[in-house]
Trainee: 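Structure below; questions to follow.
Below, all heavy atoms of this structure are taken into account, side chains as well, without hydrogens, waters or symmetry copies. Just so it is clear: chains get the letters A, B, ... in the order the sequence lines come, proteins before strands, and each one is counted from 1. Please read these numbers as outputs of a predicted model, since none were measured by experiment.
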Amino acid sequence: MADRSRPRSSKKDAPTGQPTSRITIYLNGRKRSIPSGRSLSSALSEEHIPVLVRSLKYHRPRGQYCGTGQCAGCLVRHNGVPMARACQIVPEDGDVVETESGWPSTEHDLLSLMDRVFSQKMDTLRGFTRPLVLRRPYLKVVRSFSGLGAMPDTAPKKSPSMEQKTVDLLIVGGGATGRAAEQAVIEGSIRQRVHLSDRRVAGESVVYLGPSEDKGFLALVSRKGLPALQVTSRKVLVATGSYDAGLFFPGSDLPGVLTGEGLESLAGEQGVHPFQSIVVFGGGPRTRRLVKRFGSRVKLLAAPTTLSEDLRQLARSLEIEVVERSMILSAQGRNRLRSVLLQDRKTGEQRRVRAGALVLAHRVLPNATLLFQAGAVMQWREGGSAYFPELSPRCETTVPGLFAVGSAAGFLDPTSSLESARCAAETLAGGGQSGKNASSQSSSDPAGLLAKRVPQEDNGFMLEYLTEFLRLPRTRKTVLCPCEDVTLEEVEGVVKEGWDPTLEVVKRLTGTGMGLCQGRYCVPDSILLLSALTGRSPEAIGFMTQRPPVWPLRIGDLAGGR
Amino acid sequence: MPSEASHYDTIIIGGGVIGLYTAFHLSARMDPRKVLVVDRTFPSGGASGRNGGGVRQQWESKATIRLAKESVQTYSRFGRDFGFNPWFRQGGYLFLAFREEERKTLQKMERGVREEGLPIRWLDPAAVHALVEELEVPGILGGTYLPTDGVIHPFPVIWGLISELKRRGVELRYRTEVSGVETVSGGVRGVRVQGELLRADRVVNAAGGWSQQINSLAGLPSFTKPTLHEILATEPVKPFLKPMVVTLGRGTYFSQTMRGEIVGGLTMDHSRSQRQGLYSSGEFLVEMARELARLMPRVADVRILRCWSGYYDDSPDGLPLLGEDPRLKGFYQANGFGGHGFMLAPSSTARLAKILLGERTDLDPHWISPDRFTGQIPGRPVEGLSLG
Ligand SMILES: Cc1cc2nc3c(=O)[nH]c(=O)nc-3n(C[C@H](O)[C@H](O)[C@H](O)COP(=O)(O)OP(=O)(O)OC[C@H]3O[C@@H](n4cnc5c(N)ncnc54)[C@H](O)[C@@H]3O)c2cc1C
């Protein structure tokens, strides 16, 4: 093996002139100077998105994708801790970072031959069963490839005990909506103890929500660098917002294809990212925000349907080319994105666009996992192509004391989102007496509020889009579920064979949705895919149980103290 | 369907591993079209799709040891026989003793298992540590290790059975709830599904955690009762853990799947909970995390990916109920498997199929027959290692 302690180039080791703005880390044993104050994946992506991970079965290259710590695209070993999300780590001087997959290295992985050898699929469901004498060797070899990171070599220091807290109201999500609700509750009643958890503000994420043994709710909150917090609360308000959906097409798992949030997290507050030319896919308000922020590097705006007039104007003013009614056929590149192949959905005309990044912003989905977990009745809403809570006019779910507001509840535009927060807060400030005295001050019409759900960012086009996509010939493997390396072809096969084509069964047959992101990025499309393949309604395809925790939860954070 | 067609020889209520394997053995010996499996939910929606996949032959009673031993052989050929790979990995089971009584219990069990010709060993603390280096917990007195025990992936077993039964022509009706068991003068006549009467000479109650409900449809009190058990999986880590590890006491167990996840559970008392149906509790997450971190401190830096739950169907003596219910002619029990129905399925249902066909089995009826609870015959052993 090459001398790993030798710096790759003397330039990297030389003083940069701004010594405080850079730190030194050890990446796979080599010293490397990186900018400080940015996430690890951002800092490592000065030139391009690096291949940090090789996928489980086919050893396909992966890089930053979701930017929220959910996907399996940026896992590294960080100071001996396996499977740390590079997008969530702000590295410190002297940190030791190792990539863990691939041989001899993650960047140059000979095992990516698997992708060629199993050009259709590696059949772990039915394969490797014959001859019987090879059973044990098969087990041995296949097992040796399993796992994403190695167990830590040593035990961490015992962390302090989990903390406990009892409040009257737990607010989950500190975006504009959550904070507005907090404000309104505090103003409305000074006696209430309110706790607000937010991932971005305080590094707190509520990963479990259920009824508590005595009364009200029990929430487990994971916190950055601290033991978990256990909150008991009489009432809970969920304002967890929404997230950018994924999309599958050949090459959708290449480094350089990422969600809007993925790009935002990579750019950080400083707005630094490695891409010279970006293709943005989408056409709604979410796309508008991204185009506004990254406009100078956006080369092409491809919309799956049509663009709103204001977005068209914005693109014109920024000299961004626009193509409407377009479909992503595939993404090309070896270890990172080089070009995108687009097709006009009307004429069928194809064109190839060179790009360093393809940003998915075509679809916004509710962060509703906690509502499912807590047992709220959820309804499929066609316009949103997703499940939203059944709500009372006061934004209370079917679970008494559990409220849902903002885009998590289906209020997608900022105005109705804030309205929903105020509406719920009035009831909550009134001590839960269904807002008797509070309603007199009510400025909003509760009944009208519910009608404002979902339409703005209309996802209704997705079923048609995917149906069209499935009709087109495909020559390359399409990874539907990147965490588990499940291909579109596998799911198609399951349907063809006549298995019950519901999500619960397809999940158990193929592994779709069983990976690190727990289906956040593949399940919404899988529902539509199965609907398109069978002609059944998306509702008949069903959903899968949303299993706690929402975010993977460090064992030591729960176990501390003993 | 014409009324002629809906007269079956045997209707099996429950399409979990027990119901399916029963149909498998039965349809090999009779017209497959005369066998019907009915299940309320989707395939593997019951405990058979929610378990830890542990397959062990370390038991106190001879009946269980023999049944499990035979299942190990069946499962090691399952991939070839059914064309679905259950990835049955035989890394052994390690039972740990922390207290003197636990050691006595295990060493007694060890003798019985060895008498059945199985290569079980007693490991002293150093040998335990050599087998699982990560077990850095003080106070281990030793443990029993049987290398041919293992862990199986439950889903492919279900898919393999379903495919084979379909091929043979056995009718499988999932998403179909049995809402009545029809009887006439002390005998069973058929079952009612969606308002329709399906006639049968024999009805098998293989409804697992819901067998109590099926019994009450037939007007019979139950001897078994469902208990909720929770289980969790971590993010997949590279292979490090060879055996399934079990502690006595709370029955904490954990193993590593072929994907690399550490899967484990422990027994919690949910009897006072107000919650309905299947659920996951925050209390379990905390308790299980503490157990894992106590037994393997290094695991503290690994993350829990998901948790879920399912029902055990617990019987009073830790042994299943297999055979005709003396209270109702033609009504057969195939339940009460507790947390061990997956590993006992292939062999115990082979016995049940024989009973259904009116043949004698090699098993002592005092061990398995439902008669032992009605006082028709005295029950004999109690399976003390029915834990985990
Ligand atoms: C968390 C957990 C861990 C476990 N770990 C292990 C282990 O490691 N090893 C092991 O061997 N075993 C284990 N078990 C136990 C094992 O899973 C069960 O014993 C086994 O699956 C029982 O199979 P079954 O077919 O009897 O039940 P099930 O799989 O539950 O099947 C019963 C079926 O009956 C159906 N049904 C119910 N009511 C009706 C109705 N009215 N009409 C029609 N259908 C109906 C249900 O839908 C269900 O599918 C575990 C169980 C759990 C819950």
Trainee: Which value, rounded to the nearest 0.5 Å, describes the distance between B:Arg77 atom CZ and A:Leu132 atom CG?
Mentor: 8.0 Å

Trainee: Report the distance from atom CG of A:Leu503 to atom CZ of B:Phe42, rounding to the nearest 0.5 Å.
Mentor: 9.5 Å

Trainee: Could you tell me which portion of B:Ser76 (side chain, backbone, both or neither) has an atom closer than 4.5 angstrom to a non-hydrogen atom of chain A?
Mentor: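 For B:Ser76, heavy atoms of backbone and side chain both lie under 4.5 Å from chain A.
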
Trainee: Walk me through it: do B:Arg306 and A:Gln518 pass the test side chain to side chain contact (heavy atoms under 4.5 Å, CB included)?
Mentor: CA-CA 8 Å; B:Arg306 62 169 168 271; A:Gln518 297 231 62; 3.5 Å; yes

Trainee: Heavy-atom pairs under 4.5 Å with chain A: which of B:Leu241, B:Thr257, B:Asp81, B:Thr234 has the most?
Mentor: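 Highest number of heavy-atom pairs under 4.5 Å: B:Leu241.
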
Trainee: Mind listing the closest non-hydrogen atom pair of A:Thr154 and B:Arg298 along with its distance?
Mentor: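 Nearest pair, atom of A:Thr154 first, then B:Arg298: C-CG, 3.5 Å.
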
Trainee: With chain B as the partner, which of A:Gln373, A:Arg136, A:Glu497 has the greatest number of non-hydrogen pairs under 4.5 Å?
Mentor: A:Arg136

Trainee: So A:Arg554 and B:Ile304, do their side chains get closer than 4.5 Å, heavy atoms only?
Mentor: no

Trainee: Could you tell me the separation between the OG atom of B:Ser44 and the CG atom of A:Asp500, rounded to the nearest 0.5 Å?
Mentor: 10.0 Å

Trainee: Does B:Lys238 use its side chain to pair, donor to acceptor, with the backbone of A:Phe145 at less than 3.5 Å?
Mentor: no

Trainee: Where do B:Trp87 and A:Phe128 land on the ring pair (Phe, Tyr, Trp, His ring centres under 6.0 Å) test, with the steps shown first?
Mentor: CA-CA 9 Å; B:Trp87 297 106; A:Phe128 310 99; 5.6 Å; yes

Trainee: Write down the atom of A:Leu218, the atom of B:Gly282, and the distance for their closest heavy-atom approach.
Mentor: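 Shortest heavy-atom separation between A:Leu218 and B:Gly282 comes out as CD2-CA, 4.1 Å.
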
Trainee: Side chain, backbone, both or neither: which part of B:Phe88 has a non-hydrogen atom closer than 4.5 Å to chain A?
Mentor: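 It is both, since atoms from each part get that close.
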
Trainee: Which of the residues A:Ser212, A:Pro156, A:Gly210, A:Ala228 is involved in the greatest number of heavy-atom pairs with chain B at under 4.5 angstrom?
Mentor: A:Pro156

Trainee: Based on non-hydrogen pairs under 4.5 Å, which of B:Pro156, B:Ser273, B:Ser281, B:Gly49 is most in contact with chain A?
Mentor: B:Ser281

Trainee: Do A:Ser146 and B:Pro236 come within less than 4.5 Å of each other through their side chains, counting heavy atoms only?
Mentor: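 A:Ser146 does not reach B:Pro236 side chain to side chain.
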
Trainee: Should A:Val505 and B:Trp159 be marked as a side chain to side chain contact (heavy atoms under 4.5 Å, CB included) after you check the CA-CA gap, both sets of side-chain angles, and the distance that decides it?
Mentor: CA-CA 10 Å; A:Val505 172; B:Trp159 311 135; 4.0 Å; yes

Trainee: Minimum heavy-atom separation for A:Pro152 to B:Asp301, with atom names?
Mentor: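 For A:Pro152 and B:Asp301, the tightest heavy-atom pair comes out as CG-CB, 3.7 Å.
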
Trainee: Which one, B:Cys307, B:Gly260, B:Pro297, B:Gly79, leads in non-hydrogen pairs under 4.5 Å with chain A?
Mentor: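 Among the listed options, the one with the most contacts to chain A is B:Cys307.
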
Trainee: Side chains of B:Ile162 and A:Trp499: does their closest heavy-atom pair fall under 4.5 Å?
Mentor: yes

Trainee: At a 4.5 Å cut-off on heavy atoms, which part of B:Phe155 comes close to chain A: side chain, backbone, both, or neither?
Mentor: side chain

Trainee: Please find the pair of heavy atoms, one from B:Ala293 and one from A:Ala559, that lie closest to each other, and give the distance.
Mentor: CB-CB, 3.6 Å

Trainee: Need one label for A:Leu125: side chain, backbone, both or neither, based on atoms under 4.5 Å from any heavy atom in chain B.
Mentor: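 When you check distances to chain B, atoms from both the backbone and side chain of A:Leu125 fall under 4.5 Å.
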
Trainee: Between A:Arg130, A:Arg508, A:Arg547, which residue shows the highest count of heavy-atom pairs closer than 4.5 Å to chain B?
Mentor: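 The option with the most such pairs is A:Arg508.
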
Trainee: Where does B:Leu292 contact chain A at under 4.5 Å (heavy atoms): side chain, backbone, both or neither?
Mentor: side chain

Trainee: Do you know which of A:Lys140, A:Arg135, A:Arg143 makes side-chain contact (heavy atoms from CB on, under 4.5 Å) with B:Arg89?
Mentor: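 Answer after filtering A:Lys140, A:Arg135, A:Arg143: A:Arg143.
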
Trainee: If you define the side chain from C-beta out and look only at heavy atoms, does anything of B:Val299 sit under 4.5 Å from A:Met151?
Mentor: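 A side-chain contact under 4.5 Å exists here.
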
Trainee: With a 4.5 Å cut-off on heavy-atom pairs, point out which of A:Leu139, A:Asp123, A:Thr545 contacts chain B the most.
Mentor: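 That would be A:Leu139.
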
Trainee: Give the member of B:Gln274, B:Arg175, B:Gln256 that has the highest number of heavy-atom pairs under 4.5 Å with chain A.
Mentor: B:Arg175

Trainee: Using non-hydrogen atoms and a 4.5 Å limit, figure out which bit of A:Leu509 sits close to chain B: side chain, backbone, both or neither.
Mentor: both

Trainee: So, taking the atom named OG1 in A:Thr124 and the one named CG in B:Asn85, what distance separates them when rounded to the nearest 0.5 Å?
Mentor: 8.0 Å

Trainee: Using a strict cut-off of less than 4.0 Å between a Lys/Arg side-chain nitrogen and an Asp/Glu carboxylate oxygen, indicate whether B:Arg50 and A:Glu504 qualify as a salt bridge.
Mentor: no

Trainee: Check whether any side-chain heavy atom of B:Arg290 lies under 4.5 Å from a side-chain heavy atom of A:Leu558, and answer yes or no.
Mentor: no

Trainee: Hey, mind stepping through A:Ile555 and B:Arg303 against side chain to side chain contact (heavy atoms under 4.5 Å, CB included) and telling me if it holds?
Mentor: CA-CA 5 Å; A:Ile555 288 173; B:Arg303 294 178 190 79; over 6 Å; no

Trainee: Within this structure, what is the CD-OH distance for the pair B:Glu283 and A:Tyr208, rounded to the nearest 0.5 Å?
Mentor: 6.5 Å

Trainee: Sort B:Glu133 into side chain, backbone, both or neither according to what part of it lies under 4.5 angstrom from a heavy atom of chain A.
Mentor: neither

Trainee: A:Leu75 and B:Glu235: side chain to side chain contact (heavy atoms under 4.5 Å, CB included), yes or no, with the steps?
Mentor: CA-CA 11 Å; A:Leu75 307 175; B:Glu235 297 182 338; over 6 Å; no

